[in-house]
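All values below come from the heavy atoms of this structure, side chains included, with hydrogens, waters and symmetry mates left out. Throughout, a chain's letter reflects where its sequence line sits, starting with A, and its residues are numbered from 1. Everything quoted here is computed from the prediction, not taken from an experiment.
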Number of protein chains: 2
Amino acid sequence: MNSSVPEGDATVPEGNAVVPEGNAVVPEGYDPHAFAPFAVTVDLAVFTVRDGALQVLLVERGQEPYAGRWALPGGFVLPAESAETAARRELAEETGISDLSGLHLEQLRTYSEPDRDPRMRVVSVAFAALGPGLPEPRGGGDAARAEWRPYGTFGALAFDHDVILADAHERIGAKLEYSCLATSFLPPEFTLGELQQVYETVWGTALDRPNFRRKVLATPGFVEPVPGGARLTGGRGKPAALYRAGTAGALHPPLLRPEGRL
Amino acid sequence: MNSSVPEGDATVPEGNAVVPEGNAVVPEGYDPHAFAPFAVTVDLAVFTVRDGALQVLLVERGQEPYAGRWALPGGFVLPAESAETAARRELAEETGISDLSGLHLEQLRTYSEPDRDPRMRVVSVAFAALGPGLPEPRGGGDAARAEWRPYGTFGALAFDHDVILADAHERIGAKLEYSCLATSFLPPEFTLGELQQVYETVWGTALDRPNFRRKVLATPGFVEPVPGGARLTGGRGKPAALYRAGTAGALHPPLLRPEGRL
DNA sequence: TCCTTTATAGTCGTTCTGACCATAAAGGAG
DNA sequence: CTCCTTTATGGTCAGAACGACTATAAAGGA
């Protein structure tokens, strides 16, 4: 049967829109080629680098199941929305953060195990998101609370959100190698030291400063110097030059994690 | 609202399971936090290398819309299935290929634009799949016909399948660089020449044979020699040694496409 | 006025890469 | 049987890239 549409023998069953409860089973008399209704949600693994640590945005659940447990922000996709639109809307609703323009959103994958939600059949499109110094979330919408938590400092999350979060972290780490994604963690203007800190924080490894600098500057389109800028404020050492993100999307050759080198 | 479950104010609306027709709009009196039903499908971009060309598995549509047009194989996810399970089942149904054990299946991403299907709201989980010398498809299930077509030799596909196919090709090409994925195109035992041909076919570029060989053999866990094998049949030149896939999953350092080198 | 801290420049030896050339071992044409 | 073509495999060599490391510059704090 073909893809995104029910064929002739597969008309939309108005009176057949069975909502499976619990572990769904094909209902009796159900045409396996007919439209079966699912709930579609989005889940977001939102990362930021604050205070030199990798932080994740979590919300506290108010209702059962998993009441009181931390979970990834997310929610239902509305009939007129794409998953991407729903992701931005839900994030804004649950955190009270209105300016999501600087947020990098990227589809991770879709989680569709039949038993991933104990109550009903839910398919969830997961996103990985990165943002520079996002403000403290307010906890709106249906989230009891919303907080930044350092990655790895919390227990088991609700549903399969531990898996989603781990997948997202792995994906982000891998993408830093061959894309300019790291600049999404930073404000429009940044120093090479800050860029290096992003890599070190996400990868959890220390990098050699002169070598990192040489590599970044040798990659065309990764960063470009800000015309007249040097930074003075707060720094204890020599002021660093300011850079902004370049026009390249991919890094060639890639900036590999030290671990991979054996 | 949280992810994979409706909260207290979001009970499953039995009489509210509106199936949006056409460009869906939020129905009047619809609680935006309630469960909204979607049809969930899978679409598969299945690649293989045959006769030195990259081939894609396509099916011909029998019904409107897009009747007579070629499309990617796929179909509805059943209530008790994950998207991965549905993908294998649909592929077997539509092609008559029973042995899908050697097939590499990998989630690409989910396409959820509200207007991607002219008839109803369909969210599709797309997969990229690779297989060694798969048999001629029989065209069963709801597919009028099923055929291998050389990539790039066909016109516009149905729905947004052109985009899905292009995304899949790009993903496969990128993954060849840093993973052992190429062996998924080949039978259990293969020569280095065949492995090189996979890279050349997918990337569309010629590679230097001695250099390719040196690189592959220098990467630990990529391939390992078959104890007592040399190949004689059919070849016009010197018989090549046989190799099988190694245990490594990732390639470090990666095998980069020549284009990226500038 | 040190001392610490951070940024930046440069060195040096190893490894990797791309562009080659050379040889080995098969089948086919004459 | 003898070239000739084809494919596999082994090797060279210069330049680029990389990791480890040293040195200098410019700020703030003790």
Output yes when a side-chain donor or acceptor of A:Thr110 lies under 3.5 Å from a complementary backbone atom of B:Val125, and no otherwise. no

Taking the six-membered ring of B:Trp70 as reference, does the cationic atom of B:Arg149 (NZ for Lys, CZ for Arg) lie under 6.0 Å from its centre and within 45° of its axis? yes

Protein-nucleotides 1-6 of chain C N/O pairs closer than 3.5 Å?
from, atom 1, to, atom 2, distance (Å)
C:dT6, O2, A:Lys238, N, 3.2

Between the protein and nucleotides 9-12 of chain C, list every N/O to N/O distance that falls short of 3.5 Å.
from, atom 1, to, atom 2, distance (Å)
C:dA9, OP2, A:Arg213, NE, 3.4

Can you figure out which of D:dT9, C:dA26, D:dA8 approaches the side chain of B:Pro239 most closely? C:dA26

Quick one: does A:Phe154's side chain get under 4.5 Å of A:Leu165's, heavy atoms only? yes

Whole angstrom is fine here: how far is it from NZ in A:Lys215 over to C1' in D:dA16? 11 Å

Inter-residue atom distance B:Glu194.CD - B:Thr183.OG1, 0.5 Å rounding: 12.5 Å

Starting from C1' on C:dC16, measure out to CG on A:Leu256 and report it in whole angstrom. 12 Å

Is there a salt bridge (Lys or Arg N to Asp or Glu O under 4.0 Å) between B:Arg50 and B:Glu136? Walk through the geometry before answering. CA-CA 11 Å; B:Arg50 306 212 313 178; B:Glu136 203 60 40; 3.1 Å; yes

Salt-bridge contact A:Glu170-A:Lys175 (side-chain N to carboxylate O under 4.0 Å): no

For atom CG of A:Leu207 and atom C1' of D:dC21, their distance in whole Å: 16 Å

Would you write out the dot-bracket form of DNA chain D, 5' to 3', with Watson-Crick and G-U pairs under 3.5 Å, [ ] for crossing pairs, | for pairs to other strands and . for unpaired bases? ||||||||||||||||||||||||||||||

Find the distance B:Phe212:CZ to C:dG18:P and express it as a whole number of Å. 13 Å

Would B:Arg116 and B:Asp43 count as a salt bridge (Lys or Arg N to Asp or Glu O under 4.0 Å) if you check the C-alpha gap in whole Å, the side-chain angles of each, and the deciding distance to 0.1 Å? CA-CA 13 Å; B:Arg116 63 180 294 278; B:Asp43 285 307; 3.6 Å; yes

Would you confirm whether A:Thr48, through its side chain, and A:Gln55, through its main-chain N or O, come within 3.5 Å as a donor-acceptor pair? no

Is the B:Phe190-B:Tyr243 ring centre distance short of 6.0 angstrom? no

Distance col, row B:Ser179:OG vs B:Leu251:CG, nearest 0.5 angstrom, shows 7.0 Å

B:Gln197 CD to D:dT7 P: how many Å, rounded? 10 Å

When the aromatic ring centroids of B:Phe212 and B:Tyr199 are compared, is their separation below 6.0 Å? yes

Atom-to-atom span, NE2 of A:His252 to C1' of D:dA17 - whole angstrom: 16 Å

Could you check how far CZ of A:Arg257 sits from C1' of D:dC18, rounded to whole Å? 18 Å

